[in-house]
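Below is one structure, written out as structure tokens; comments come after it.
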Number of protein chains: 2
Amino acid sequence: MGIFNKLSFKDQAFKLREDAILDAATRMLASKGFDLMTMDDVALEVGISKPSLYKHFKSKEDLVGEALIRLIDGAIEHLGQMPATLTPLQRLSDLLEWALRVRLGGGLPFLPSTSAHVRDMLTRNLRYVARVLKLHQQLKALVRQAKAAGQLDAALPDDVILFSYYARTCDPSVDYLRLYSQLDDEAIVASMLRVCFDGLR
Amino acid sequence: MGIFNKLSFKDQAFKLREDAILDAATRMLASKGFDLMTMDDVALEVGISKPSLYKHFKSKEDLVGEALIRLIDGAIEHLGQMPATLTPLQRLSDLLEWALRVRLGGGLPFLPSTSAHVRDMLTRNLRYVARVLKLHQQLKALVRQAKAAGQLDAALPDDVILFSYYARTCDPSVDYLRLYSQLDDEAIVASMLRVCFDGLR
DNA sequence: GTCTATATAAGGATAGAC
DNA sequence: GTCTATCCTTATATAGAC
């Protein structure tokens, strides 16, 4: 029994450290991007050595994949927690707002991959692809409901709406507005939502 | 006199090769992005050796900067050639359409820098910054005219409109639509324009 | 000015001691 | 399981011959 408790404690500590690693990786991905995030940096930030890091994640690709899976799961969870009273369009808007706030708070956008390298890497990560597909199906259903209710432009193909929607979560204008405009985070979120659904006109 | 002609010929050949290098770099930046574009690849594609490549451009950053300057100049030139009859909004729409077609044809988006690394690099390139600023001023004037004429949402700050506009030229949804939707290039351009100015609603 | 050959540096990944 | 020390590959950049 004592042995089992001891193992359990170890496992708990292991799990805690794993979360710390994922947190650090997420922060660094958000600030520096995939290519400039080094395993040395992550290990240093967490306060462990590189070989220890590799005991948790067998490669950099694996680590990044897990961080993104956690993010997608957060989005799915946020979708599931929404009050039943919201319309499909309100759900889409609410999730985008959530994603923008996560990002402005130092987190990651989903669809972080404007780079073909990262995109290909993620495509080979079957667990990641499965999660993204699950989220994609839920969002596709919302888009169809919103279109049927006249809340989204029915002349636009589903794919166009969905990919444009994803693209807004990783829109570089957020970074530029933060750098070069006087808007605070609240105003940035509000502007992005308005531009997304109502356009520039 | 003969010597001067000879030098002139050499210079011409040098200039031609320089254009070939920039063409190759542009194609590779568009397809692989900054980090995966190697100087070896560029030299190989042009058919010269790496040291020769470094006779033309003193660094990878320099080469990429020149390629992007050429691109921005193309945009400025396209703006200048527009018929005088176009309204400010039509000019903005026309330039975005041009940028999207350039990109779909294997070229580059301006504002290629969703990566902080590339963005910082370009910020240090004063010649590039100067060109971008020139284009930015022209577009800002167009945005203000369009707003005054009621052709753009006056409730949106200029910065929001401008950065969102730039972001549409490098929108990752273009890549995803090409990969995963049935739309041809014409339909993609039309959809992107509609989404940009009228939103998803 | 062009090449072959090489210096140099960064970073992903691991061997082996404890 | 954790560390120190190291390997190995890749890619930028250059030295030096012709």
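Only a predicted model underlies this, so the values are computations on that prediction, with no experimental measurement involved. What you see below is based on every heavy atom in this structure, not just the backbone, and it leaves out hydrogens, waters and symmetry mates.
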Starting from C1' on C:dA13, measure out to CD on A:Glu61 and report it in whole angstrom. 13 Å
Assuming nearest nucleotide by heavy-atom distance, tell me which of B:Gly47 and A:Met37 is located more 5' along DNA chain C. B:Gly47
In whole Å, I'd like the distance from the NZ atom of B:Lys55 to the C1' atom of D:dC18. 13 Å
Quick note, B:Asp40 side chain, CB onward, closest among D:dA11, D:dA13, C:dC3 is D:dA11
Interatomic distance, A:Lys50 NZ vs D:dC7 C1' [rounded to whole Å]: 11 Å
Is it true that B:Asp171 and B:Arg168 make a salt bridge, defined as a side-chain N closer than 4.0 Å to a carboxylate O? yes
Looking at A:Leu200, is its backbone amide N or carbonyl O close enough to the side chain of B:Tyr165 to form a donor-acceptor pair, meaning the two atoms are under 3.5 Å apart? no
Contact nearer the 5' end of DNA chain C, comparing A:Tyr54 with B:His56: B:His56
Within this structure, what is the CG-to-C1' distance between B:Asp41 and D:dT10, rounded to whole angstrom? 11 Å
Look at the side chain of A:Ser59 and decide which nucleotide, out of C:dA13, D:dA13, D:dC3, has an atom nearest to it. C:dA13
How long is the line joining CG of B:Leu53 and C1' of D:dA13, in whole Å? 11 Å
Separation of atom CD1 in B:Ile48 from atom P in C:dG1, rounded to whole Å: 13 Å
Rounded to the Å, how far apart are B:Met28 CE and D:dA11 C1'? 13 Å
Determine whether more than 12 heavy atoms belonging to other residues, nucleotides or ligands lie under 6.0 Å from atom CD of B:Gln182. no
To the nearest angstrom, how far is B:Phe34 atom CZ from D:dA11 atom P? 13 Å
Nearest listed nucleotide, side chain of B:Met39, among D:dT12, C:dA5, D:dT4: D:dT12
Does the pair A:Glu77 and A:Arg70 meet the rule for a salt bridge (Lys or Arg N to Asp or Glu O under 4.0 Å), with working shown? CA-CA 10 Å; A:Glu77 190 188 338; A:Arg70 210 175 51 155; over 6 Å; no
For the residue pair A:Asp41 and A:Thr38, confirm or rule out a side-chain donor-acceptor distance under 3.5 Å. yes
For a quick check of understanding: with a heavy-atom distance under 4.0 Å over all strands, which category does A:Ser49 fall into, base, sugar-phosphate or nothing? base
Which nucleotide, C:dG12, D:dT12, D:dT14, lies nearest any side-chain atom of A:Lys60? C:dG12
Verify the contact: side-chain N or O of A:Thr38 to OP1 or OP2 of C:dG11, cut-off strictly under 4.0 Å; return yes or no. no
Compare the minimum distances between each of C:dC3, D:dG1, C:dG12 and the side chain of A:Phe14, then state the nucleotide with the smallest one. D:dG1
